Enquirer: 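Take this structure, written in structure tokens, and hold onto it; I'll ask about it next.
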Amino acid sequence: DVKVTQSSRYLVKRTGEKVFLECVQDMDHENMFWYRQDPGLGLRLIYFSYDVKMKEKGDIPEGYSVSREKKERFSLILESASTNQTSMYLCASSSGGLAMIEQFFGPGTRLTVL
Amino acid sequence: KQEVTQIPAALSVPEGENLVLNCSFTDSAIYNLQWFRQDPGKGLTSLLLIQSSQREQTSGRLNASLDKSSGRSTLYIAASQPGDSATYLCAVRGGGGKLIFGQGTELSVKP
């Protein structure tokens with residue numbers, strides 16, 4: 001079974017802090033994704049990566065950056081956290097290169113920015 | 001721009017009933033459609049993936065159909081159980097590889 005893990009289930013940070021969210025997958029998938037999920041807005045894609053050191057902006061990249069130095073790890077970085085970044089963050093991975101077949105999700109990180 | 005709609009937003013049924021969840025999308029040029037389940041406060045669990053060339057997929061009590069030309073998919077759940085209570089999300093993959101999600105249907109199965 002594919003396993004996607006996220007470094008924290010719950011995280012509380014202060015406004016202005018730099019925040020790192022880590023995601024690791026164990027199935028040698030080429031593609032990895034970061035989403036945020038908010039009530040009434042659904043899931044929205046922040047960034048994705050289809051290879052090591054490659055990244056593509058999703059629908060809402062502002063205020064975020066990403067890093068993919070190793071195939072199994074994809075990090076989401078909030079350079080200066082703000083209260084409007086309080087959300088549930090979900091990481092996903094898929095195989096198939098640009099074909100991007102089935103996506104598998106991690107358990108999520110609920111981030112609260114005070 | 002692709003839009004995905006799920007109706008109803010919430011559904012409550014008694015245990016044992018068969019039920020259908022609906023998903024519609026505006027652009028029929030999709031590569032695949034995926035159904036997910038999400039329990040409160042948790043991540044998404046993939047249930048079924050239908051490629052654009054397929055008409056349906058089955059897994060246990062779940063059956064998903066796809067009618068690309070009309071922009072519709074249904075998820076059929078047979079003999080519902082309280083453990084099926086969750087939010088069900090559909091997502092379509094178009095060009096560029098991105099998944100576009102619906103808002104979900106919150107299902108409650110009463111014992």
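Naming: A, B, ... by sequence-line order, numbering from 1 per chain. What you see is a predicted model; the values in this text were computed from it and never measured.
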Enquirer: Is there side-chain contact between B:I100 and A:R44, with at least one heavy-atom pair below 4.5 Å?
Expert: no
Enquirer: When only pairs under 4.5 Å are counted, which of A:G58, A:G108, A:G40 shares the most heavy-atom pairs with chain B?
Expert: A:G40
Enquirer: Is there a path from B:V4 to B:L66 through hydrophobic residues (I, L, V, M, F, W, Y) whose side chains come within less than 4.5 Å of each other?
Expert: yes
Enquirer: When clusters are formed by joining ILVMFWY residues with side-chain heavy atoms under 4.5 Å apart, either directly or through shared neighbours, do B:F25 and B:L75 land in the same one?
Expert: yes
Enquirer: Using a 6.0 Å cut-off, check whether atom CD of A:E22 has over 12 heavy atoms from anything other than its own residue.
Expert: yes
Enquirer: Indicate, with yes or no, if A:Y64 and A:W34 share a hydrophobic cluster defined by side-chain heavy-atom contacts under 4.5 Å among Ile, Leu, Val, Met, Phe, Trp and Tyr.
Expert: yes
Enquirer: Tell me the closest heavy-atom pair linking A:M88 and B:K42, and the distance in Å.
Expert: CE-O, 4.0 Å
Enquirer: If Ile, Leu, Val, Met, Phe, Trp and Tyr residues are connected whenever their side-chain heavy atoms lie under 4.5 Å apart, and connections chain through other members, are A:L90 and A:V66 in the same group?
Expert: no
Enquirer: Indicate yes or no: at least one non-hydrogen side-chain atom of B:L99 is less than 4.5 angstrom from one of A:Y35.
Expert: yes
Enquirer: Starting from B:W35, can I reach B:L11 by hopping between I/L/V/M/F/W/Y residues whose side chains sit under 4.5 Å apart?
Expert: yes
Enquirer: Do A:Q103 and B:R93 have side chains that approach each other closer than 4.5 Å (heavy atoms only, starting at C-beta)?
Expert: no
Enquirer: Does the pair A:L43 and B:Q103 meet the rule for a side-chain contact (heavy atoms from CB on, under 4.5 Å), with working shown?
Expert: CA-CA 8 Å; A:L43 274 96; B:Q103 293 279 341; over 6 Å; no
Enquirer: Between A:R110, A:R9, A:E56, which residue shows the highest count of heavy-atom pairs closer than 4.5 Å to chain B?
Expert: A:R9
Enquirer: To the closest 0.5 Å, what do you measure between CZ (A:F104) and OG (B:S46)?
Expert: 5.5 Å
Enquirer: Between A:Q37 and chain B, which part of the residue has a heavy atom less than 4.5 Å away: side chain, backbone, both or neither?
Expert: side chain
Enquirer: Of all of B:G104, B:A91, B:G41, which one pairs up most often with chain A through heavy atoms under 4.5 Å apart?
Expert: B:G41
